[in-house]
Chemist: 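Dropping a structure here in structure tokens format, bear with me for questions.
Each ligand, and each atom within it, is numbered from 1 in the order the structure gives. Position 1 is the first residue of the sequence, and the numbers go up from there.
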Amino acid sequence: MSNFSIESLEKYFKIYRKSIKKPKKFWDEIAEENFTWHMMWDKVLEFDMEKAKFTWFKNAKLNITKNCIDRHLMKRGDQTAIIFEPNDPKEEAQHITYNELYKQVSKFANVLTEQGIEKGDRVCIYLPMIPELAYAVLACARIGAVHSVVFAGFSSSALATRINDSSCKMLITSDGGFRGNKVIDLKGIADKALEDTPSIEKTLVVKRTGKEVNMKDGRDLWIAPLLEKAAGESVAAIMDAEDILFILYTSGSTGKPKGMVHTTAGYMVYAGYTFKNVFNYEKGDVYWCTADIGWITGHSYIIYGPLLNGATTVIFEGVPSYPDYSRFWEVVQKHKVNQFYTAPTAIRALAKEDIHFVQDYQLNSLKVIGSVGEPINDEAWHWYNDHVGGKRCPLVDTWWQTETGGIMISPIPFVTPTKPTYASLPLPGIQPALMDNLRNEIEGNQVTGSLCIKYPWPGIARTIWGDHQRYIDTYFSTYPGKYFTGDGALRDEVGYYRITGRVDDVVIVSGHNLGTAPIEDVINEHQSVAESAIVGYPHEVKGNALYGYVILKDLGIDRDETQVAIEINRLISDQIGPIAKLDKIQFVPGLPKTRSGKIMRRILRKIAVGETKDFGDISTLLNPEVVKDIIKHRK
Ligand code: WTA
């Protein structure tokens, strides 16, 4: 266990230095000492940064669910693995032990096999935050099928795109889901998606709301009767270290969403190692991450990371505002949560409400509080630290991405002194670099640049499903020999990192990573729209909101702009999801463009935040006069 837990700053620096000097040896030891393998590896790592090829734990054999479940049964079979806290506080919480988890996952796995799912097949999962979501994910991993979880807030066309991109053979969904005071008709949305998904052979439906749904003969099956008949034990498939564990879609700045591919062994080692250290998880603790399993945070830090460590992990179905703004704190008190991990957007939303919503609850079980998803501003940091952490819990601001598989830069609680708005220091094995515009690495401290990672780590995504070239182009070609994160960062006088935000055309809205290009594509489909450009602008609660500049077609008729704006948002809502709706829409006569026809987004970003001058050199614009007009009619 030598390098597994980091108990002091001195030890952190020692381990960090070791991990950089001899990365292979470092990961070799972590992997061997802390996980269960069917067969060990021939080589720890082979890689080629330019070609974006990574092989971790070459030829090792394992099953991640044996590490998440089976190996805990002897020691802690009766310990709670999952606490399910339903949307409605009046509905009783469920405590699912490791023994029960084994049984449920086995049943699910047996049903999948019986319904024709084999190793390597892709299974799409579109479920609310209920225990069955965890069972479905783990059942796929158990039999070697590839899970592709789609966040249940996505629309039918977004779901269809994702199903088709990786030709999923099966969809697992439910009759619906509860979110606050709403009932979401997931099956209805799925049915619409399934009109256009030729690869889907079967749909398994979990009963949650009890609402009547349409079941298509020969395609749709209720899962409950199948589970009832299925055996409660199963043999885990033996997987190669580099077999695909899952695909998870993330927004791209252009074109369709990117199906990030994570493989078995490297992801497991990285998720397990980072969970243990970043949350200082100790036996018996109750850990709660409020993210949705539809995002990478839920994959790595609701399911895999905690279960790999034999933890008790909370799955929460609801929202922070239902039945009122005290819900998070009520749940922390009720389940005596020790580690609490959420997003800045939730913190900002709660900080706006009356302080009694927090103060009325006993939060003294908390030991560590965490943040993820976007930069946490100073005010939110302090509110969280003071009112939730009671100034006694270390606040871990964890920086990472869907592509990195696990946390990359973060304080280690009780070890790294925290500094508001700083993600602080890289975890062992992670080698950040800041790059300047000339693609040179910037050495030294008190500098800013584009954040890259210089050396592979086990959790790195292996490719984009079906498009390795796009993987190379997006992440490995801007700074040859390095992984480019797309984020900017500054390094302070002691070497702490602060992430300043995206440097490309991706905007983070309420913690959701949204590419602007796919939204523009949707807007442009509107019959009255000629062209559009979207930028993000700071928003008090959501972090960023979207501002759309839209050129209407010259149809020779007057149109009701308010009506068009409503229609545009309806289109976005239908095709991508309500999270991508525009907060402001301005109809403009033209967009500032370079001579090569590229929209100058930097100007649009400045206008959106209210700047009226200092646009830099706009003489290179094709149509500088349009800028004045846009400023004049700013929303
Ligand atoms: C942003 C979420 C600042 C960043 C795990 C990154 C952050 C993107 C932080 C990835 C943080 C995430 N501080 N920014 N602590 N954590 N980000 O793929 O821009 O949904 O590139 O993964 O979120 O978002 P994704």
Chemist: Can you confirm if the aromatic rings of Phe84 and Phe316 lie within a centre distance of less than 6.0 Å?
Modeler: no
Chemist: Is the distance between the ring centroids of Trp288 and Tyr341 under 6.0 Å?
Modeler: no
Chemist: Could you list which atoms of ligand 1 come closer than 4.0 Å to a heavy atom of Thr398?
Modeler: 9 (C), 11 (C), 15 (N), 16 (N)
Chemist: Minimum distance, heavy atoms only, to atom 19 (O) of ligand 1: which one of Asp487, Thr250, Thr404, Val372 is it?
Modeler: Asp487
Chemist: Is the contact between Glu374 and ligand 1 made by the side chain, the backbone, both, or neither, using heavy atoms and a 4.0 Å cut-off?
Modeler: backbone
Chemist: Mind checking whether Ser371 has an N or O less than 3.5 Å away from an N or O of ligand 1?
Modeler: no
Chemist: Geometry only, no angles: is Gln401 polar-contacting ligand 1 at N/O separations under 3.5 Å?
Modeler: yes
Chemist: With respect to atom 1 (C) of ligand 1, which of Ser300, Gly373, Gly511 exhibits the smallest heavy-atom separation?
Modeler: Gly373
Chemist: Side chains of Tyr475 and Thr485: do they bring a donor and an acceptor to under 3.5 Å?
Modeler: no
Chemist: Quick one: which ligand 1 atoms are inside 4.0 Å of a heavy atom on Asn513?
Modeler: 8 (C), 10 (C), 18 (O), 20 (O), 24 (O), 25 (P)
Chemist: When you compare the side chains of Asn513 and Arg502, does any donor N or O come within less than 3.5 Å of an acceptor on the partner?
Modeler: no
Chemist: Kindly say whether the aromatic ring centers of Tyr249 and Trp295 come within a distance under 6.0 Å.
Modeler: no
Chemist: Please find out if less than 6.0 Å separates the ring center of Tyr497 from that of Tyr422.
Modeler: no
Chemist: Please identify which atoms of ligand 1 are closer than 4.0 Å to at least one heavy atom of Thr297.
Modeler: 5 (C)
Chemist: Without hydrogens or angle criteria, can the side chains of Gln339 and Asn280 be said to hold a donor-acceptor pair below 3.5 Å?
Modeler: no
Chemist: Verify the ring-centre separation between Phe246 and Tyr267: is it less than 6.0 angstrom?
Modeler: yes
Chemist: Can you tell me if Trp295 has a non-hydrogen atom under 4.0 Å from ligand 1?
Modeler: no
Chemist: Of the side chain and backbone of Thr402, name the one, both, or neither that has a heavy atom under 4.0 Å from an atom of ligand 1.
Modeler: both
Chemist: Where's the contact between Arg502 and ligand 1, heavy-atom distance under 4.0 Å: side chain, backbone, both or neither?
Modeler: side chain
Chemist: Say whether Thr290 and Thr342, considering side chains only, have a donor N or O and an acceptor N or O under 3.5 Å apart.
Modeler: yes
Chemist: Would you mind checking which non-hydrogen protein atom is closest to atom 3 (C) of ligand 1, with the distance to 0.1 Å?
Modeler: Pro375 N, 3.1 Å
Chemist: Pull out every atom of ligand 1 sitting under 4.0 Å from any heavy atom of Asp397, numbered as shown with elements.
Modeler: 11 (C), 13 (N), 15 (N)
Chemist: Heavy atom of Gly486 under 4.0 Å from ligand 1?
Modeler: no
